Amino acid sequence: MSRRGRGRAIVVGVLVALASGCGSTDLLGPEAAQGIDGMVLIGPQCPVSSPDNPCPDLPYEANIEIRRKGAGLVTYVQSDSNGTFRVGLRPGLYTLLPESGDPFPIAQAQDVEVRTNEFSEVTIFFDTGIR
């Protein structure tokens, strides 16, 4: 191998090592045995509800940042049109940070514990500001 070829191989090797070091080891694939099963809802939908017009919260498509508690970013997920999302994660404590509007809709951060061989169920509520 020429000197120039060896130099490129070293640069490529360093870039691969850096890229793999930046990925989160907490994120698991779709066949994971544990993680978070989430539902995202938005409401209220009406200023007044009654037994005749209950005006339930609706599913909501939202972007959610997932961070390892006390550490860095793990991944971003987006709920689907049914308001659901699922992400495989290693056991540990995580914080979910929903992307809120300015000023509405707004949702609060939530802490979630993922246990071995379990999917933690979480519901994120977005407030529309309707009163």
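Please read all numbers here as calculations on a predicted model, not as lab measurements.
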Legend entry - All side chain to side chain donor-acceptor pair (under 3.5 Å) counterparts of T95, not counting sequence neighbours: D111
Inset, instruction - Write down the atom of I130, the atom of C46, and the distance for their closest heavy-atom approach. - result: CG2-C, 3.6 Å
Inset, instruction - With sequence neighbours left out, write down each residue that passes side chain to side chain donor-acceptor pair (under 3.5 Å) with R90, or none if nothing qualifies. - result: none
Inset, instruction - Can you sort out the partners of A33 under side chain to side chain contact (heavy atoms under 4.5 Å, CB included), two or more places apart, ordered by chain and number? - result: N117
Inset, instruction - Sequence neighbours left out, what pairs pass salt bridge (charged side-chain N to carboxylate O under 4.0 Å, His left out) with at least one residue falling in residues 31-48? - result: D37-R86
Legend entry - Backbone N/O of V112 and side chain of S120: donor-acceptor pair under 3.5 Å: no
Inset, instruction - Check the hydrophobic clustering (I, L, V, M, F, W, Y; side-chain heavy atoms under 4.5 Å; chains of links allowed) and say if L27 and V122 are grouped together. - result: yes
Inset, instruction - Taking the side chain as every heavy atom from C-beta outward, state whether L28 and L89 have any pair of such atoms under 4.5 Å apart. - result: no
Legend entry - Donor-acceptor under 3.5 Å (T123 side chain, M39 main chain): no
Inset, instruction - Would you mind reporting whether V114 and I36 have side-chain heavy atoms less than 4.5 Å apart? - result: yes
Inset, instruction - Check P98 against A109 and note the closest heavy-atom contact, atom names and distance. - result: CD-CA, 4.1 Å
Legend entry - S100 side, atom OG; D127 side, atom CG - distance, nearest 0.5 Å: 9.5 Å
Inset, instruction - First locate atom CG of L58, then atom CD1 of I42, and finally report the distance between them rounded to the nearest 0.5 Å. - result: 8.0 Å
Inset, instruction - May I ask you to decide if A107's main-chain N or O and Q110's side chain share a donor-acceptor pair within less than 3.5 Å? - result: no
Legend entry - Pairs meeting criterion ring pair (Phe, Tyr, Trp, His ring centres under 6.0 Å) with involvement of residues 32-59, two or more places apart: none
Inset, instruction - Output all residues satisfying side chain to side chain donor-acceptor pair (under 3.5 Å) with D80, sequence neighbours left out; order by chain, then residue number. - result: T84
Legend entry - P44 to T128 - nearest heavy-atom pair and separation: O-OG1, 2.6 Å
Legend entry - Residue pairs involving residues 104-131 (criterion ring pair (Phe, Tyr, Trp, His ring centres under 6.0 Å); sequence neighbours excluded): Y60-F126
Legend entry - Qualifying residues under side chain to side chain donor-acceptor pair (under 3.5 Å), relative to D57, sequence neighbours excluded: none
Inset, instruction - Flag yes if more than 12 heavy atoms outside E61 fall under 6.0 Å of its CD atom; otherwise flag no. - result: yes
Inset, instruction - Return the set of residues passing side chain to side chain contact (heavy atoms under 4.5 Å, CB included) with R67 (not counting sequence neighbours), or none when no residue passes. - result: E65, L73, L97
Legend entry - Test side chain to side chain contact (heavy atoms under 4.5 Å, CB included) applied to T116 - qualifying residues, sequence neighbours left out: Q34, P91
Inset, instruction - Can you sort out the partners of E113 under side chain to side chain contact (heavy atoms under 4.5 Å, CB included), two or more places apart, ordered by chain and number? - result: L93, R115
Legend entry - Shortest non-hydrogen separation from G92 to R68 and the atoms involved: CA-NH1, 2.9 Å
Inset, instruction - Measure across P59 and G83 and return the closest heavy-atom pair with its distance rounded to 0.1 Å. - result: CB-N, 3.7 Å
Inset, instruction - Sort and list the pairs that fulfil ring pair (Phe, Tyr, Trp, His ring centres under 6.0 Å) and have at least one residue in residues 79-99, not counting sequence neighbours. - result: none
Inset, instruction - Verify side-chain contact (heavy atoms from CB on, under 4.5 Å) between V40 and I64, making sure each step is shown before the conclusion. - result: CA-CA 10 Å; V40 181; I64 302 152; 3.9 Å; yes
